[in-house]
Q: 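Handing you a structure now.
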Amino acid sequence: MNKKFLKPYDSKETEENIYKLWEKSGYFRPKDGHSRVDSKTVSDETFSIVLPPPNVTGNLHTGHAIMLAIEDIMVRYNRMLGKKTLWVPGTDHAAIATQSKVEKEIYKKEKKNRHDLGREGFLKRVSNYAKNSQDTIINQTKKMGASLDWSREAFTLDEKRNLAVRTAFKQMYEAGLIYRGYRIVNWCPKCQSTLSDDEVEHEEQKARFYTFKYSADFPIYISTTRPETKLGDTSVAVNPNDKRYKKYIGKEFEIKKFAGGPNLKIKIIVDKNIDPEFGTGAVGITPAHSHIDYEVAQKNDLPVIKVIDEYARITDEAGTEYSGLKIKDAREKVIEYLKKNGLLEKEEEINNNLSICYRCNSPIEPLPSLQWFVDVNKKFKLKNSKLKGLKTEQEVSLKKVMKNAIESGQIEIIPDRFEKVYYHWIDNLRDWCISRQIWYGHQIPAWRRTQMNADKKTPMDADEKENVYVGVEAPKDIENWEQDPDTLDTWFSSGLWTFSTLGWPEETNDLKTFHPTSVLETGYDILFFWVARMILMSGFLLEDIPFKKVYLHGLVRDEKGRKMSKSLDNAIDPIEAINKYGADALRMATIVGIGPGNDLIINDEKIKAYKHFANKIWNVSRFVFSNTEDFDSDLEAELPSKIVDSDKKYLDELGGLKKDVKKDMDNFKFYLAGEKLYHYFWHRFADVIIEESKNKIKSFDEKEKLSSQWTLIHILKESLKMLHPFMPFITEEIWQNAPWNKNGKILMVEEWPKI
RNA sequence: GCAGAAGUAGCUCAAUUGGAUAGAGCGUCUGCCUAACGAGCAGAAGGUUAGUGGUUCAAACCCAUUCUUCUGCACCA
């Protein structure tokens with residue numbers, strides 16, 4: 001027996017070497033035809049996962065640890081089943097998140113902003129930061145034991161992925177699914193960029209609610225929490241059935257110098273969405289600074305007057321009195337005017353939801369702006385549909401494709417309650433604003449003719465297509481063109497991830513073999529951001545699904561139930577946990593007893609408990625090895641016929657376990673399989689079977705002794721195999737030093753126990 | 001407002017979808033310390049499965065209802 005086993009298991013000493021052994025073996029890479037040594041038992045089936053790419057903004061957190069553990073379990077299990085198994089690694093450039101992080105750091109150190117450095121200089125700095133971060137992340141990922149094929153590593157912003165983005169953009173533009181339009185968008189004055197609807201969060205706050213009228217002779221009182229936006233009002237809307245206001249409908253009022261500022265023309269219109277019970281039952285419509293008002297204005301052909309600009313200041317259009325004022329100052333000025341002139345009827349406090357930026361938490365300004373959008377309702381014709389229930393030649397919208405993928409059952413979400421959430425999201429989906437006014441990201445592959453736009457401030461008109469060029473490559477007479485300075489929403493490139501990582505737009509072997517991928521495993525918090533966008537992209541560009549199953553894991557919370565975050569300083573560092581307890585223990589602690597989609601509260605005690613388990617596995621192995629030293633391994637094949645009844649009973653029990661575990665693994669119930677293995681190994685194998693074997697082995701009955709030895713070896717072997725996906729390091733270390741493994745075979749590619 | 005989840009031992013969570021005495025880890029207590037166990041073993045205490053009512057041979061699980069907590073979405077101007 002190897003002397004190693006005389007000491008307790010030392011994860012630190014083991015893990016790095018074992019990972020190197022695996023990497024060197026080349027088994028992370030699916031070879032032509034098979035990924036297991038024993039090619040006879042290898043099937044033609046494939047199993048593929050693309051890793052949800054961690055952001056290059058720093059380190060791995062516990063959420064990543066869970067993700068890596070679950071995915072590695074799936075991958076190792078399927079590899080042991082003999083499937084051609086691929087797990088593709090990568091990282092995400094995370095546009096806004098990374099840019100603002102680097103901006104902050106540079107400002108802290110050098111007191112410079114990105115404009116001081118210039119676009120090129122700044123991007124170089126961000127790239128360096130990203131590179132550094134990537135190295136850290138890759139090292140940490142390896143520490144978790146993740147059996148990723150590093151030869152296929154991808155980055156959402158590398159050359160190949162950029163080609164995929166440009167190609168996707170062009171194809172969508174040509175199909176009319178991407179358009180440029182002057183529309184109301186979510187604007188973050190701090191990030192100086194648009195945000196998609198999903199990137200806006202709501203925070204409840206107390207707000208002052210003012211009821212007033214525009215002028216002394218204006219007949220209707222209206223209410224608002226934002227008096228300063230009223231400088232841009234163009235109408236007042238009332239419910240068509242509201243008797244109070246019937247006589248004013250259709251009338252137009254002119255207000256001279258409203259609040260001492262601009263002249264307003266207010267038309268009284270009807271809209272059935274107006275609640276007569278709320279406020280005064282009359283709403284001042286500000287088309288430029290509210291999504292809903294904008295829609296009302298479109299229906300009624302009302303002008304859109306932009307009174308707030310991108311820096312959250314009042315524009316010239318609101319008159320010289322207000323121009324340039326900050327929102328807060330303008331608000332006070334309006335209120336003061338209303339009070340002074342006896343126009344303010346009432347001032348009360350209400351609960352209100354403030355829209356804030358999910359990155360920087362500053363308030364969002366809805367404002368009209370010329371941006372690129374993905375049209376989710378526009379119809380396109382399917383050319384070669386692989387989508388279940390949607391035929392070639394059929395006309396569909398992106399919304400339809402996204403909904404159909406789940407409805408048809410072609411994609412299954414685990415747990416299924418998220419399917420409802422998904423439908424609800426789709427039903428409320430509006431066009432996706434994809435352009436961002438930041439530098440770090442995929443620059444939009446659209447150019448405008450510079451000659452035609454001598455005045456560079458004039459926005460490129462969406463209707464004048466001859467002045468716009470969209471292409472994979474820049475136009476040939478580049479000197480006459482200027483590329484759109486904006487970049488794409490980071491989720492645009494992430495949406496391509498399942499196939500851009502496999503070589504698309506080239507028709508690679510990888511793409512043919514591994515797409516659609518088998519499973520997409522990620523946290524439920526990015527179901528809309530990412531999962532839905534992947535279904536969208538793949539649905540249009542490949543007319544196929546990106547994955548067959550979606551497995552959603554929960555979020556990690558601290559003992560108070562709060563989401564772990566850096567700002568709260570409550571995060572458990574997975575690397576620290578690995579150093580303390582070992583990666584195997586951490587993996588078990590994040591798996592066992594946690595169903596899909598359920599949040600988990602992680603604590604040190606649980607990880608520690610699985611460290612104890614690792615040690616138990618170690619000691620059981622030691623016991624088996626030291627008590628079978630005189631066992632003739634040639635007997636291994638024939639002994640089952642001579643097995644004594646008591647051992648036979650144990651083998652039957654093991655058979656039951658194997659069946660159960662296989663069923664759980666196939667049904668994605670890793671949390672159950674892990675627990676069962678734990679329980680069996682400790683409380684049956686160690687506590688009962690081994691205890692009993694002590695008598696048998698020292699007995700003079702040779703048959704009984706041999707039977708017992710055979711049984712111990714067999715159970716240990718089968719257990720190690722089944723435990724391997726969960727605790728790969730310790731099981732491999734034992735396998736490498738096991739007396740039966742004289743040729744140094746690798747457990748990772750052993751065959752999963754047959755039932 | 002709409003939707004979803006959860007409520008089980010002191011704490012953190014399970015219970016293979018309606019099936020036997022509701023199980024683990026940590027913690028507590030009592031013995032051991034035994035030829036693998038520094039992290040060991042044997043055993044114990046601890047439960048009205050949030051409450052009430054119902055369906056069933058059988059309910060933590062299904063139905064109705066009440067209470068509590070959390071999450072997502074939509075928002076009122």
Side-chain angles (χ1 to χ4, degrees), chain A residues 1 5-9 197-198 201-202 204 207 209-211 222-226 229-230 233 236-238 271 273-275 277-286 290-293 296 350-353 355 415 417-425 427-429 524-525 527-528 554-555 557 559 561-563 581 585 588-589 592-595 597-627 659-661 663-664 667 669 671-676 678-679 682-683 686-687 690-691 693-695 697-698 712:
Chain A
M1 189 180 63
F5 290 100
L6 297 176
K7 285 188 298 178
Y9 175 64
D197 292 343
D198 298 296
E201 284 179 356
H202 303 278
E204 190 161 292
F209 193 53
Y210 304 94
T211 300
I222 58 166
S223 306
T224 186
T225 52
R226 298 200 55 190
T229 63
K230 301 288 111 184
D233 276 15
V236 165
V238 297
D271 194 288
N273 294 322
I274 307 298
D275 176 5
E277 305 295 317
F278 189 82
T280 63
V283 184
I285 299 294
T286 319
S290 150
H291 281 98
I292 291 178
D293 291 8
V296 174
I350 61 161
N351 287 326
N352 181 326
N353 273 325
S355 299
R417 66 183 133 96
F418 283 100
E419 295 188 354
K420 273 183 207 153
V421 183
Y422 178 86
Y423 293 141
H424 187 251
W425 178 80
D427 291 340
N428 289 297
L429 188 61
Y524 66 75
D525 53 331
L527 179 62
F528 309 139
L555 308 182
R557 298 181 185 275
E559 59 286 342
R562 298 172 306 185
K563 213 166 149 172
Y581 305 113
M588 281 297 268
V592 173
I594 301 146
N598 291 344
D599 292 348
L600 72 146
I601 294 173
I602 198 136
N603 54 359
D604 243 37
E605 293 307 312
K606 191 171 176 187
I607 311 174
K608 203 166 139 192
Y610 288 107
K611 188 197 168 165
H612 293 187
F613 181 51
N615 197 53
K616 193 75 185 177
I617 300 174
W618 192 250
N619 281 306
V620 163
S621 304
R622 180 216 289 212
F623 178 88
V624 173
F625 294 160
S626 64
N627 284 285
K659 225 179 194 170
D660 278 1
V661 169
K663 196 173 142 205
D664 287 339
N667 290 318
K669 293 185 173 170
Y671 59 108
L672 289 179
E675 191 175 9
K676 272 173 203 163
Y678 171 91
H679 193 261
W682 198 316
H683 301 297
D687 289 352
I690 283 188
E691 280 310 316
S693 78
K694 287 175 183 170
N695 287 326
I697 285 170
K698 73 172 182 191
L712 291 182

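Each chain gets a letter, A, B and so on, in the order the sequences are listed, and its residues count up from 1.
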Q: May I ask you to verify if any side-chain N or O of A/Asn598 is less than 4.0 angstrom from the OP1 or OP2 atom of B/rA14?
A: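 Result: yes.
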Q: Flag yes if more than 12 heavy atoms outside A/Lys608 fall under 6.0 Å of its NZ atom; otherwise flag no.
A: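 Incorrect, the count does not exceed 12.
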Q: Quick one: list whatever passes salt bridge (Lys or Arg N to Asp or Glu O under 4.0 Å) with A/Lys694, sequence neighbours left out.
A: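 A/Lys694 satisfies salt bridge (Lys or Arg N to Asp or Glu O under 4.0 Å) with A/Glu691 once adjacent residues are dropped.
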Q: Considering only B/rU17, B/rA74, B/rA77, which nucleotide approaches the side chain of A/Lys669 most closely?
A: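 From the listed options, B/rU17 comes nearest.
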Q: Quick one: which of B/rA36, B/rC76, B/rA14 gets closest to the side chain of A/Phe209?
A: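 For the A/Phe209 side chain, the nearest candidate turns out to be B/rC76.
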Q: List the residues meeting salt bridge (Lys or Arg N to Asp or Glu O under 4.0 Å) with A/Asp660, not counting sequence neighbours, and say none if there are none.
A: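 Result, salt bridge (Lys or Arg N to Asp or Glu O under 4.0 Å) vs A/Asp660: none returned.
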Q: Can you give me the dot-bracket string for RNA chain B, 5' to 3', counting Watson-Crick and G-U wobble pairs with both distances under 3.5 Å, using [ ] for crossing pairs and | for partners on another strand?
A: (((((((..((((.....[...)))).(((((.......))))).....(((((..]....))))))))))))....
Q: Of the nucleotides B/rC37, B/rA35, B/rA42, which has the atom closest to the A/Lys698 side chain?
A: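 The closest nucleotide is B/rA35.
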Q: Taking the side chain of A/Phe528 as heavy atoms from C-beta outward, which of B/rC37, B/rC73, B/rC76 is closest to it?
A: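 The nucleotide sitting nearest to the side chain is B/rC73.
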Q: For nucleotides 25-31 of chain B, print each protein N/O atom paired with a nucleotide N/O atom at under 3.5 Å, atom names and distance only.
A:
unit_1	atom_1	unit_2	atom_2	d
B/rC26	O2'	A/Glu605	OE1	3.4

Q: Of the nucleotides B/rA36, B/rG38, B/rC41, which has the atom closest to the A/Pro8 side chain?
A: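 So the side chain of A/Pro8 is nearest to B/rG38.
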Q: Does the side chain of A/His202 get closer than 4.0 angstrom to OP1 or OP2 of B/rA74 through an N or O atom?
A: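 For B/rA74, OP1/OP2 do have a side-chain N/O of A/His202 under 4.0 Å.
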Q: For A/Asp664, report the nucleic acid contact type (base, sugar-phosphate, nothing); a contact means any heavy atom under 4.0 Å.
A: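 No contact.
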Q: Might you list the N or O atoms of the protein lying below 3.5 Å from N or O atoms in nucleotides 59-62 of chain B, with each pair's distance?
A:
none

Q: Which residues pass the salt bridge (Lys or Arg N to Asp or Glu O under 4.0 Å) test with A/Asp687, not counting sequence neighbours?
A: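 Counting only residues at least two positions away or on another chain, A/Asp687 forms no salt bridge (Lys or Arg N to Asp or Glu O under 4.0 Å).
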Q: Look at A/Asn352 and B/rA77 and indicate whether a side-chain polar atom (N or O) is within less than 4.0 Å of OP1 or OP2.
A: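 So the side chain of A/Asn352 is within the cut-off, an N or O lying under 4.0 Å from OP1 or OP2 of B/rA77.
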